[in-house]
Amino acid sequence: MNNIELINKLYETSSLSIDEYEYLIINRDEESTKLLKKYAVEKRQQHYSNKVFVRGLIEVSNICKNDCYYCGIRKSNHNCDRYRLTKEEILECCNEGYSLGFRTFVLQGGEDGIFTDPWLCDLIESIKQSHPDCAITLSLGERSKESYQKLFDSGADRYLLRHETADSKHYSQLHPDNLSLENRLQCLKNLKEIGFQTGCGFMVGSPYQTTRNIAQDLKFIKEFSPDMCGVGPFIPHKDTMFNNYASGDADLCCYLLSIIRLIKPNILLPATTALGTVENNGRERGILSGANVIMPNLSPMSVRKKYALYDGKISTGEESAQSLYKLKQSMNAIGYEVVVDRGDINNNL
Ligand code: SAH
């Protein structure tokens, strides 16, 4: 089958083999990009019309016990100016976000020892008490199943844990020996079993990534069937061993967003900050390729620059209200509407 035939097969069956995904990526051209985009937008439209869901991202801590080779807040980066937000600061971010219209808060951070179960459960309960109509998403890395269960029981709704790569050899090229793909996948399985709306994902263009690896990631997404999937370009950070690598390709990233939309038509798919960082209007392009979520930064201005996973992150110098205003304008300009909504996955169709 040629590319166009494969795209039609994906559109109709929402599934391809690893070999077919690989072929589709290798033979990416203008015609296939255009067709994929058209199909992806059509499917996204069926489930979510022209709505764009926003999630207020609160970067709760850049203290991390892990040493992921690609990440700017890795433990061994001694140039990183460390911080953690207090409970009061986080609640303040939520209050500000709520008044701006956010109905999902994403608490993301390094694996900071302060995040014990009692500390997090108390925080989650406090947020839910003030804002019972909001969803809480956590993105705090790997924890035990018992711990995830407690967080869920306290009221957390969703958990983002990118699988990073579905190939264990590639995983070991990106992480030190104490971190394994096996454990990462076990965590994802546990999250799903507990009942979290669960998100996986990977970086496009991470060091050593092959086309085959990306095809494996797509197959994994099909099999795992996550509620959310974060896919953004890798961007080097100056204080990591990957500082000389190039950033991931925005065109390929958008192409993959379209493919993922066809693999799971009702998936919640963000146009990531990293995509907006590698290219002006990257997030708009992501939406036009089939994404339907954007995660503006709600962190206090004083810490935004410090939460540097990679160099050059956008909107570190802009008030939340202003960046939301601009985002609404730019979405309206391409025919989309930023809505005030929890934006849960639509399982009705
Ligand atoms: N500690 C949490 C949150 C990690 S940060 C966890 O382990 O899940 C969220 C995501 O940012 C990571 O999963 C990774 O895919 C992405 N990321 C980290 N460094 C990056 C870089 N240099 N370029 C692009 N994305 C990066």
Side-chain angles (χ1 to χ4, degrees), residues 55 57-77 80 82 84 106-115 120 137-143 147-148 151 158-166 170-171 173-176 178-181 183-188 190-191 196 198-209 213-214 217 221 226 228-250 252-253 256 270-279 282 295 297 299 306-314:
R55 323 298 197 190
L57 180 65
I58 306 173
E59 297 154 332
V60 291
S61 168
N62 69 356
I63 297 171
C64 192
K65 69 174 167 65
N66 287 334
D67 219 15
C68 308
Y69 300 152
Y70 45 84
C71 182
I73 66 168
R74 58 189 300 225
K75 174 178 69 177
S76 64
N77 178 10
C80 177
R82 306 284 169 176
R84 60 165 69 106
V106 181
L107 311 185
Q108 188 181 85
E111 293 197 17
D112 183 345
I114 190 91
F115 299 140
L120 283 173
T137 304
L138 302 176
S139 177
L140 299 170
E142 299 175 19
R143 306 176 70 90
S147 170
Y148 286 145
L151 304 179
R158 310 184 185 133
Y159 207 104
L160 300 174
L161 187 78
R162 291 190 178 176
H163 66 285
E164 312 296 359
T165 169
H170 186 216
Y171 198 91
Q173 290 171 316
L174 298 177
H175 301 94
N178 67 321
L179 298 173
S180 69
L181 177 61
N183 196 52
R184 197 83 177 167
L185 297 184
Q186 185 62 51
C187 287
L188 279 167
N190 291 344
L191 288 163
F196 278 103
T198 304
C200 64
F202 64 96
M203 292 177 283
V204 177
S206 61
Y208 306 108
Q209 183 182 56
N213 292 150
I214 301 177
D217 288 319
I221 291 164
M228 309 165 283
C229 186
V231 175
F234 160 78
I235 304 172
H237 185 288
K238 60 181 179 355
D239 298 317
T240 64
M241 61 204 263
F242 295 148
N243 57 1
N244 282 324
Y245 282 77
S247 292
D249 186 69
L252 175 58
C253 186
L256 294 170
T272 59
T273 308
L275 182 57
T277 297
V278 292
E279 197 172 279
M295 299 165 69
N297 200 322
S299 308
K306 297 182 189 174
Y307 194 80
L309 308 177
Y310 47 80
D311 292 331
K313 187 174 83 168
I314 48 170

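Quick caveat: nothing in here was measured; it's all calculated off a predicted structure. Just so you know, ligand 1 is whichever comes first in the structure, and atom 1 is the first atom listed for that ligand. The basis for the numbers below is simple: all heavy atoms, side chains too, and nothing from hydrogens, waters or symmetry mates.
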Where A250 and V278 come nearest, the two heavy atoms and their spacing: CB-CG2, 4.0 Å
Given 3.5 Å as the limit, does a donor-acceptor pair link the side chain of Y148 with the main chain of L188, or not? no
Donor-acceptor pair, distance only, cut-off 3.5 Å: does the side chain of H237 make one with the backbone of D311? no
Which ligand 1 atoms, with their elements, are less than 4.0 angstrom from a heavy-atom of L161? 8 (O)
Between M203 and ligand 1, is there a nitrogen or oxygen pair with a distance under 3.5 Å? no
Shortest protein contact, atom 19 (N) of ligand 1 (heavy atom only): Y70 CD1, 3.4 Å
Quick one: look up the protein heavy atom nearest atom 21 (C) of ligand 1 and list residue, atom name and how far away it is. I235 O, 3.5 Å
Residue pair T165, N213: steps toward the side-chain hydrogen bond (donor to acceptor under 3.5 Å, both in side chains) verdict: CA-CA 7 Å; T165 169; N213 292 150; 5.0 Å; no
Nearest protein heavy atom to atom 9 (C) of ligand 1, by residue and atom, and its distance? Q108 NE2, 3.5 Å
Protein contact for atom 4 (C) of ligand 1 (heavy atom, distance under 4.0 Å): no
Report yes if some N/O of S139 lies less than 3.5 Å from some N/O of ligand 1; otherwise report no. no
For the pair Y171 and H175, name the ring-plane relationship: parallel under 30°, tilted 30 to 60°, perpendicular over 60°. parallel
So, regarding R184 and ligand 1 (criterion: nitrogen or oxygen to nitrogen or oxygen, under 3.5 Å), is there a contact or not? yes
Looking only at distances, can you tell me whether any N or O atom of G109, backbone or side chain, sits closer than 3.5 Å to an N or O atom of ligand 1? yes
Distance filter under 4.0 Å to P233 heavy atoms, resulting ligand 1 atoms: 24 (C)
Is a side-chain N or O of S61 found less than 3.5 angstrom from the main chain of G109, in a donor-acceptor match? no
Among E111, E164, K313, E59, closest by any non-hydrogen atom to atom 15 (O) of ligand 1: E164
So is there a nitrogen or oxygen of R162 less than 3.5 Å from a nitrogen or oxygen in ligand 1? yes
Hey, does Y70 have a side-chain heavy atom less than 4.5 Å from the side chain of T240? no
Without swapping roles, check the side chain of R82 against the backbone of K306 for a donor-acceptor pair under 3.5 Å. no
Indicate yes or no: does an N/O atom of H237 lie under 3.5 Å from an N/O atom of ligand 1? no
List the closest protein heavy-atom neighbour of atom 11 (O) of ligand 1: residue, atom name, distance to the nearest 0.1 Å. L309 CD1, 3.5 Å
Short question: side chain of Q209, backbone of M203 - any donor-acceptor pair under 3.5 Å? yes
